[in-house]
Asks: 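This structure is in structure tokens; I'll ask about it shortly.
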Amino acid sequence: MKIDILTLFPEMFTGFLNTSIIKRAIDKELVKVTLHDFREFSNDKHKHVDDYPYGGGQGMVLMCEPIVECLKTICSDKSMVILMSPQGSTLNHGLAVDLSHQEHLVIICGHYEGFDERIRNYVDMEISIGDYVLTGGELGSMVVSDAVIRLLDGAIKEDSHQDDSFSQGLLEYPQYTRPQCYDGNEVPAVLLSGHHENIRKWRKYQALKKTYLKRPDLLRSYQFDEESLEMMKKIEKND
């Protein structure tokens, strides 16, 4: 996969691209991430990329030309152009999975007050990472890239993300490690039993319970089987 990111602040990505799973995926050539400072595509002698909005208003607005000219140099028929925007579709696991099947993602990071509306004519999708506003799209683009890259074949073990929160429509079940007892709190005995079927059932029950208590909205679209329906009856009875 190729990911091209258009940003005015490429230095913000230094730690992100050189740490942990993302660095390993790049080193294994599972993904190539390229940063583009679209200020370089400004025809203004002072390399301005923004201007005051027509009609008045607060702040500065990003101009069309630098961004569009940059897109022309990197996009092809296989490119998916994404605009980071609080007006976009909210990123979720399903969207990350869909994006992980693309060959080439191009992510535009905004800054200042916003974009010239005409930039949207060159965009395939707008994505938001939540109902709040950041100083720029850089952090959002890192979130999108991270969510996608970790799903690529070989980035991590497949089993490592199959039970992630949202991957099966539920929040993830509780996890424990050594020591067996800490500050009077014991690891659940079933996890030490070695009985794989009982462990599977316990984890499924706990995932349903945690989702019911913390994100009941997710259960509206969850595909219940007979086992999970019986578990939900117990969970609701004990609530």
Side-chain angles (χ1 to χ4, degrees), residues 16 19-22 24-25 30 82 84-102 105 125-134 139-239:
F16 173 69
T19 306
S20 189
I21 292 170
I22 305 302
R24 292 200 297 270
L30 303 176
I82 297 168
M84 297 307 305
S85 165
Q87 300 178 24
S89 301
T90 304
L91 179 68
N92 58 30
H93 181 73
L95 179 54
V97 171
D98 290 342
L99 293 176
S100 72
H101 297 146
Q102 297 289 327
L105 299 180
M125 175 184 296
E126 296 183 43
I127 294 179
S128 166
I129 61 169
D131 293 338
Y132 47 86
V133 178
L134 300 171
L139 293 176
S141 73
M142 294 181 209
V143 171
V144 171
S145 298
D146 188 290
V148 169
I149 292 171
R150 69 188 302 278
L151 294 174
L152 299 178
D153 289 341
I156 60 176
K157 294 180 180 179
E158 187 174 358
D159 290 347
S160 296
H161 61 72
Q162 282 185 341
D163 290 327
D164 282 345
S165 292
F166 311 113
S167 61
Q168 304 296 327
L170 301 173
L171 299 183
E172 187 177 13
Y173 50 77
Q175 299 270 29
Y176 297 86
T177 189
R178 296 175 181 175
Q180 184 176 333
C181 180
Y182 179 75
D183 199 23
N185 295 308
E186 294 274 356
V187 173
V190 65
L191 299 179
L192 308 174
S193 68
H195 195 298
H196 297 300
E197 179 61 10
N198 287 347
I199 292 172
R200 181 196 67 79
K201 289 181 179 179
W202 181 87
R203 285 174 168 172
K204 185 174 182 178
Y205 182 91
Q206 294 298 325
L208 283 164
K209 181 179 178 180
K210 185 174 284 191
T211 305
Y212 173 74
L213 295 175
K214 295 186 175 183
R215 287 291 305 276
D217 57 297
L218 296 175
L219 296 176
R220 290 196 291 268
S221 57
Y222 180 68
Q223 299 297 311
F224 287 91
D225 57 18
E226 186 174 343
E227 181 180 61
S228 55
L229 284 171
E230 288 300 314
M231 289 179 175
M232 278 305 305
K233 289 178 183 178
K234 295 180 181 178
I235 292 168
E236 291 171 343
K237 184 178 179 179
N238 295 327
D239 183 22

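Model, not experiment: these values are computed from the prediction. Worth knowing before you read on, the calculation uses all heavy atoms, side chains too, and leaves out hydrogens, waters and symmetry mates.
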Asks: Does atom CD of Glu226 have more than 12 heavy-atom neighbours from other groups under 6.0 Å away?
Replies: no
Asks: Can you name the closest pair of heavy atoms from Ala25 and Ile149 and give their distance?
Replies: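 Result for this residue pair: CB-CG2, 3.6 Å.
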Asks: Can you confirm whether more than 12 heavy atoms, excluding those of Glu236, are under 6.0 Å from its CD atom?
Replies: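 Counting other residues, nucleotides and ligands, CD of Glu236 exceeds 12 neighbours.
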Asks: Atom NZ of Lys237 and atom NZ of Lys233: how far apart are they, to the nearest 0.5 Å?
Replies: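 With rounding to 0.5 Å, NZ (Lys237) is 11.0 Å from NZ (Lys233).
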Asks: Can you tell me how far the CZ atom of Arg24 sits from the OG1 atom of Thr19, to the nearest 0.5 Å?
Replies: 10.5 Å
Asks: Do you know which two heavy atoms are closest between Phe16 and Met142, and how far apart they sit?
Replies: CZ-O, 3.4 Å
Asks: Provide the closest heavy-atom pair for Ile127 versus Leu95 in the form atom of the first, atom of the second, distance.
Replies: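 Closest heavy-atom pair between Ile127 and Leu95: CD1-CD2, 4.0 Å.
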Asks: Could you check whether any side-chain N or O of Thr211 sits under 3.5 Å from a backbone N or O of Leu171, counting only pairs where one atom can act as donor and the other as acceptor?
Replies: yes
Asks: Please report the closest heavy-atom contact between Leu91 and Ala96, naming both atoms and the distance.
Replies: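 Closest heavy-atom pair between Leu91 and Ala96: CD1-N, 4.4 Å.
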Asks: What pairs with Tyr182 under ring-ring contact (aromatic ring centres under 6.0 Å, His included), at least two apart in sequence or on another chain?
Replies: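 ring-ring contact (aromatic ring centres under 6.0 Å, His included) check on Tyr182 returns nothing, list empty.
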Asks: Kindly give the heavy-atom pair with the smallest separation between Ile156 and Arg150, and that separation in Å.
Replies: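 In this case the closest contact between Ile156 and Arg150 is CG1-O, 3.5 Å.
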Asks: Can you check whether Phe224's main-chain N or O pairs, donor with acceptor, with Ser228's side chain at less than 3.5 Å?
Replies: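 No: the side chain of Ser228 does not pair with the backbone of Phe224.
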Asks: Do Ile129 and Met84 have side chains that get closer than 4.5 Å, going by heavy atoms?
Replies: yes
Asks: Mark yes when over 12 heavy atoms from residues, nucleotides or ligands other than Asp217 sit less than 6.0 Å from its CG; otherwise mark no.
Replies: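 Atom CG in Asp217 is crowded, with more than 12 foreign heavy atoms closer than 6.0 Å.
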Asks: Please enumerate all residues that pass ring-ring contact (aromatic ring centres under 6.0 Å, His included) together with Tyr176, with sequence neighbours excluded.
Replies: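 None.
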Asks: How about Lys209 and Gln206: do any of their side-chain heavy atoms sit closer than 4.5 Å?
Replies: yes
Asks: Measuring only between side-chain heavy atoms, which start at C-beta, is Gln102 closer than 4.5 Å to Val148?
Replies: no
Asks: Determine whether Pro174 and Lys210 make a side-chain contact, defined as any pair of heavy atoms from C-beta on separated by less than 4.5 Å.
Replies: yes
Asks: Tell me, yes or no, whether the heavy-atom count around Asn238 atom CG, taken from other residues, nucleotides or ligands under 6.0 Å, exceeds 12.
Replies: yes
Asks: What I'd like to find out is whether the side chain of Leu170 reaches to under 4.5 Å of the side chain of Leu218, using heavy atoms alone.
Replies: no
Asks: Quick one: are Leu151 and Val97 in side-chain contact, heavy atoms under 4.5 Å?
Replies: yes
Asks: For residues 184-195, dump all side-chain donor-acceptor pairs below 3.5 Å to protein atoms at least two apart in sequence or in another chain.
Replies:
unit_1 : atom_1 : unit_2 : atom_2 : d
Ser193 : OG     : Val190 : O      : 2.6
Ser193 : OG     : His195 : N      : 3.1
His195 : ND1    : Asn198 : N      : 3.1

Asks: Taking all non-hydrogen atoms of both residues, which atom of Gly88 and which atom of Ser128 are closest, and how far apart?
Replies: O-CB, 3.7 Å
Asks: Please test Ile22 against Asp146 for side-chain contact (heavy atoms from CB on, under 4.5 Å), starting from the C-alpha separation and ending with a verdict.
Replies: CA-CA 7 Å; Ile22 305 302; Asp146 188 290; 3.8 Å; yes
Asks: For a side-chain contact (heavy atoms from CB on, under 4.5 Å) check, start with the C-alpha distance between Lys204 and Asp225, then their side-chain angles and the critical distance, and finish with the verdict.
Replies: CA-CA 12 Å; Lys204 185 174 182 178; Asp225 57 18; 2.9 Å; yes
